[in-house]
Amino acid sequence: MLVELSVDNFGIIRHIRWRPALELNILTGETGAGKSLIVDALETLLGGRVGDEVIRTGANDARIEGVFRLDDSSRVKAVLRDRGLNDEEFVVLSREIE
């Protein structure tokens with residue numbers, strides 16, 4: 001489960017840190033406010049393909065970081081354990097686009 005998402009210099013987003021609630025989360029705002037960019041940033045973090053066109057104008061790079069909580073039945077947790085990696089409650093993924 002996503003615990004926190006940080007996005008820097010991605011599209012029109014200079015910086016955002018979002019900690020979603022445990023239940024329903026709704027992104028609202030005017031057209032062009034960046035709602036879809038938050039979803040695009042999460043997709044990028046999880047392996048989506050992007051080019052340097054997503055870097056905010058005037059910035060050298062974009063950075064996306066997500067903190068995920070893994071429950072005991074998580075397939076990801078099992079894969080980490082099988083590979084001899086720490087059996088942690090949280091996993092941090094980050095991606096830089098240059």
Side-chain angles (χ1 to χ4, degrees):
M1 174 174 61
L2 180 65
V3 175
E4 182 175 293
L5 180 68
S6 293
V7 181
D8 294 298
N9 299 320
F10 189 83
I12 63 168
I13 298 172
R14 185 177 62 80
H15 174 75
I16 187 171
R17 176 167 283 148
W18 175 43
R19 293 181 179 134
L22 293 176
E23 300 296 327
L24 177 67
N25 289 272
I26 300 173
L27 302 175
T28 65
E30 296 180 22
T31 300
K35 301 175 298 292
S36 295
L37 277 175
I38 295 170
V39 175
D40 292 345
L42 185 56
E43 181 180 358
T44 300
L45 178 65
L46 297 175
R49 300 182 122 220
V50 294
D52 61 1
E53 74 279 355
V54 301
I55 299 172
R56 186 171 196 254
T57 302
N60 295 323
D61 57 11
R63 182 173 173 83
I64 307 163
E65 183 174 283
V67 179
F68 296 86
R69 175 177 282 132
L70 304 176
D71 63 29
D72 288 331
S73 63
S74 167
R75 286 184 46 192
V76 173
K77 200 168 193 176
V79 168
L80 292 175
R81 225 180 332 223
D82 290 347
R83 289 184 167 50
L85 299 171
N86 290 339
D87 188 11
E88 299 292 335
E89 181 180 0
F90 296 96
V91 169
V92 178
L93 297 178
S94 64
R95 183 158 181 199
E96 245 182 84
I97 299 106
E98 297 178 325

On a heavy-atom basis, which atom in [X] and which in [Y] lie closest, and how many Å separate them?
| X | Y | answer |
| --- | --- | --- |
| Glu65 | Arg63 | OE1-NH2, 3.2 Å |
| Met1 | Leu22 | CE-CD2, 3.5 Å |
| Glu4 | Arg19 | OE1-NE, 2.5 Å |
| Ile97 | Gly51 | CG2-O, 3.8 Å |
| Ala41 | Phe10 | N-CE2, 3.7 Å |
| Arg95 | Gly48 | NH1-O, 2.6 Å |

Counting distance only, does the side-chain N/O of Arg69 pair as donor-acceptor with the main-chain N or O of Val3 below 3.5 Å?
-> no
*Do Asp61 side-chain atoms and Ala59 backbone N/O form a donor-acceptor pair below 3.5 Å?*
no
Gap between atom [atom2] of [Y] and atom [atom1] of [X] - 0.5 Å precision:
| X | Y | atom1 | atom2 | answer |
| --- | --- | --- | --- | --- |
| Leu70 | Arg75 | CG | CZ | 13.0 Å |
| Ser36 | Glu43 | OG | CD | 11.0 Å |
| Ile26 | Lys35 | CD1 | NZ | 13.0 Å |

Worked verdict on Ile16 versus Leu37 for side-chain contact (heavy atoms from CB on, under 4.5 Å)
CA-CA 11 Å; Ile16 187 171; Leu37 277 175; over 6 Å; no
Check the pair Trp18, Leu2 against side-chain contact (heavy atoms from CB on, under 4.5 Å), reporting the backbone distance first and the verdict last.
-> CA-CA 10 Å; Trp18 175 43; Leu2 180 65; 4.3 Å; yes
The single option from Asp8, Ile38, Ile64, Asp40 that satisfies side chain to side chain contact (heavy atoms under 4.5 Å, CB included) with Ile13 is Ile38
- Task: Apply the test side-chain contact (heavy atoms from CB on, under 4.5 Å) to residues Phe68 and Leu46: give CA-CA distance (whole Å), side-chain angles for both, the deciding distance (0.1 Å), then the verdict.
- Result: CA-CA 11 Å; Phe68 296 86; Leu46 297 175; 4.0 Å; yes
query = Is Val76 reachable from Val92 through a run of hydrophobic residues whose side-chain heavy atoms are each under 4.5 Å from the next?
reply = no
Let me check something: do Val67 and Leu45 share a hydrophobic cluster, defined by ILVMFWY side-chain heavy atoms less than 4.5 Å apart, either directly or through other members? no
Are there more than 12 heavy atoms of other residues, nucleotides or ligands under 6.0 Å from atom CD of Glu30?
no
Open item on the list: Can you confirm whether Asn60 is buried at CG, in the sense that more than 12 heavy atoms of other residues, nucleotides or ligands lie under 6.0 Å from that atom?
Closed with: no
